[in-house]
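Because the structure is predicted, anything quoted here is derived from the model rather than measured. We use all heavy atoms of the structure for the numbers below, so side chains are in, but hydrogens, waters and symmetry mates are not.
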Amino acid sequence: MSSYATFKNTFLFDVLERLNVVTISELDAMNNSDLESTIANITTDSDIESSIDSFPDSQSTAESIAKKDDANEQDKEISRDPYLVDWNGPNDPENPQNWNNSRKYFTMFQIMLLTAVTYMGASIYTPGEEEIREEFGVGHVVATLNLSLYVLGYGLGPLVLSPITEIAKIGRQPVYIITLFCFTIFQIGIASVHSIGGMIVMRFITGVLCSPALATGGATIVDVMKMEIVPVFLGFWSVGAIVAPIVAPLLGAAMVVAKNWRWIFWLQTFMSAATFAILALFFKETSASSILSRRASILSRRASRLRKETGDDRYYTKQERIDAENDFWKMIGNTLSTSVQIIVREPIVLAFDLYCALAYGSFYLFFESFPIVFVGIYNFTLIESTLAFMGFAVGGAIAFAIFLAYLVKVLAPKFQNGTFVPESYMPLLMGVCWFFPLAIFLFGWAASTHWIVPIIAEIFFVIGGFNLFQVSFSYLAFAFPMHTAPVFAGNTLFRAGFACAMPLFGQIMYTNLAIDGYPVGWGSSIVGFLTLAMCVIPFALYKYGASLRERSKFIQ
């Protein structure tokens, strides 16, 4: 058993176990009181995942907090059930919360690697757009669909893929690895495609396939990290998610200059394949409910091993029973239906959905304005123009430092003395929301002064945008703990829609509104005035948020 410790519950070993190449005994892992030691309250998805609400793109389980009392009562009723499978005591080494630090940090590294490799697939395409247009004889709007539909894909994918990762018989690991494998295969197709229509379709599919890491990567971090440090690691992970699409254009430009646009996707293939190999060999399942349960069809876990070893089908986990009572597609339908109702009836949710969507769309609008400024005004080469994106990376580091300081200096004391309310997040956003319009106006009207000015504007943009997302989703999760899934699903749809649409009309907007010396001035100003109007949101919620929540039909 000890020789299997490193690889147990990894994808490769699960497959080998199913093929009877290796055998793992759960009975050997128990003490003399083996089966009796498993008779305990299952704690798979309550306290461990309750702090996932601090990251936007994760399928939050914050509603488990409000249901905790009911769950405890149910636990008492089944606490003497000899067939309920739980951890082998509080120090069970297979419990992700009990992993050693090296295993936890390696898991953190793997999920960041997966997020980066798949997320950069959106923007890595942009340096090759000109060559693609020439080869296929299409216009700018058609070529930009390869960016827009990729973004739309990873906005829509979580609506189905995220709930799948919460099913005990499936878990997170196979969703990550199987979608990554398909993602890699489709990169080969894109690299060798000879039809613009086929390319656009495959780009959309790869966008859907890249979504699990973006949507539930935060949940994986919550699975393994202690609750008190979760916000720090989630913030660190989100900085990595910001940096990936910023570095990607530089890699894409290098491929275009060295070879041609097809090598952008060959590079993506190689990076994806390497990441797949690492995860298949070393990435362990982190969902507690999945480790205790079993995988559907081909993969095994603790309860299924016990059923196999003892020949007794009565062994089960609590989450298996819960999953059996729920219809998956009905759950998806309820989530979407509730999302629409909340958006229509809750001004808090609608305000943040519009604010986040505008920020997200504005970020992707930069992929249209950068060539106009850095190539059109300063005659940057393709490589030089992609290096100009590094201002976003600097801004991400500064933004994370500001968020971390606010967590430690302001929020932590409020949690300790019991004075925390969701509106406690608002002062941070009240302070940084002005960086958003500042960045856009500066980029639009001072871009012609010196090339460093638009790069400085990028720093301001990320300071505002990063903290907007951290505050928005933390606030929404605390304000609507019983409806976090539909709240985040609705926000995802808004962001995907804006990010998909804005690059499509961006170049036309800038071209039609350009004046001598200011090619992106008035185009940027339209977005800038919208972001300036949004600055009223944190101030209004700081004053009226509590009363709005009291009148909400979705808050008990």
Side-chain angles (χ1 to χ4, degrees), residues 54-57 231 234-246 348 351-367 369-370 373 388-407 409-411 423-447 452-476 491 494-495 498-499 502 506 520 523-542:
S54 61
F55 189 74
D57 288 309
L234 287 176
F236 184 66
W237 172 60
S238 61
V239 171
I242 290 175
V243 172
I246 294 169
I348 293 175
F352 273 126
D353 284 354
L354 290 173
Y355 203 172
C356 293
L358 181 61
Y360 209 59
S362 298
F363 174 72
Y364 280 94
L365 197 58
F366 278 111
F367 292 103
S369 59
F370 265 44
V373 171
F389 281 93
M390 293 303 105
F392 288 116
V394 175
I398 297 173
F400 177 62
I402 293 173
F403 178 69
L404 184 60
Y406 191 80
L407 284 177
K409 298 295 184 180
V410 179
L411 292 185
E423 286 72 30
S424 299
Y425 279 99
M426 289 303 107
L428 173 59
L429 189 54
M430 290 160 64
V432 302
C433 66
W434 308 105
F435 285 93
F436 205 174
L438 170 63
I440 295 175
F441 282 119
L442 184 64
F443 184 89
W445 294 104
I452 196 62
V453 176
I455 294 179
I456 293 174
E458 298 169 30
I459 298 175
F460 292 144
F461 182 89
V462 177
I463 291 175
F466 176 87
N467 286 288
L468 165 64
F469 282 108
Q470 298 299 320
V471 168
S472 297
F473 291 98
S474 296
Y475 180 91
L476 290 173
N491 192 279
F494 264 76
R495 287 184 291 123
F498 273 63
M502 292 181 77
V520 296
S524 297
S525 294
I526 292 177
V527 181
F529 285 124
L530 291 174
T531 60
L532 189 62
M534 292 291 177
C535 289
V536 72
I537 292 175
F539 293 90
L541 290 180
Y542 185 72

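Heavy-atom contacts from other residues, nucleotides or ligands closer than 6.0 Å to CZ of F539 number more than 12.
Taken to the nearest 0.5 Å, the CG atom of D353 stands 9.0 Å off from the OG atom of S472. The CD atom of E423 lies 7.0 Å from the CG atom of L541; values are rounded to the nearest 0.5 Å. The structure places CG of L442 at 11.5 Å from CD1 of I455, a figure rounded to the nearest 0.5 Å. Rounded to the nearest 0.5 angstrom, C433 SG and L468 CG are separated by 9.0 Å. Remark: L429 CG to Y542 OH distance equals 13.0 Å, nearest 0.5 Å. Of the inter-residue distances, the one linking Q470 atom CD with L428 atom CG reads 9.5 Å to the nearest 0.5 angstrom.
Applying the side-chain contact (heavy atoms from CB on, under 4.5 Å) criterion to L407, with sequence neighbours excluded, gives P231, F403, L411. Among residues two or more places apart in sequence or in another chain, the ring pair (Phe, Tyr, Trp, His ring centres under 6.0 Å) test is passed with F389 by F367, F370. Residues satisfying the ring pair (Phe, Tyr, Trp, His ring centres under 6.0 Å) test with F436, not counting sequence neighbours, are F461. A search for ring pair (Phe, Tyr, Trp, His ring centres under 6.0 Å) contacts involving F400 returns nothing, not counting sequence neighbours.
The two residues F435 and G464 have their closest heavy-atom pair at CB-N, 4.1 Å. For the pair G395 and I463, the tightest heavy-atom approach, listed with the atom from each and the gap, is O-CG1, 4.0 Å. The minimum heavy-atom distance linking A393 with I246 is given by the pair N-CD1, 3.7 Å. Minimum heavy-atom separation, I440 to S524: CG2-O, 3.1 Å. When all heavy atoms of S424 and P427 are compared, the closest pair comes out as O-CD, 3.3 Å.
Here the side chains of L358 and L354 are not in contact, with every heavy-atom distance at 4.5 Å or above. I398 has its side chain out of reach of V462: every pair of non-hydrogen atoms, C-beta onward, lies at least 4.5 Å apart. Side-chain contact between F443 and S369 is present, with at least one heavy-atom pair separated by less than 4.5 Å. With contacts defined as side-chain heavy-atom distances shorter than 4.5 Å, the pair S238/F466 qualifies.
In this structure, the ring of F392 has its center less than 6.0 angstrom from the ring center of F366.
Legend: side chain to side chain donor-acceptor pair (under 3.5 Å) pairs involving residues 436-447, not counting sequence neighbours, sorted by first then second residue: W445-S525.
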Got a list of side-chain donor-acceptor pairs under 3.5 Å for residues 527-538, not counting sequence neighbours?
{"residue": "T531", "atom": "OG1", "partner": "V527", "partner atom": "O", "Å": "3.4"}
{"residue": "T531", "atom": "OG1", "partner": "G528", "partner atom": "O", "Å": "2.7"}

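None of Y475, F473, Y425, F469 except one satisfies the ring pair (Phe, Tyr, Trp, His ring centres under 6.0 Å) rule with F352; the exception is Y475.
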Applying side-chain contact (heavy atoms from CB on, under 4.5 Å) to V432 and V471, what does each step give before you reach the verdict?
CA-CA 11 Å; V432 302; V471 168; over 6 Å; no
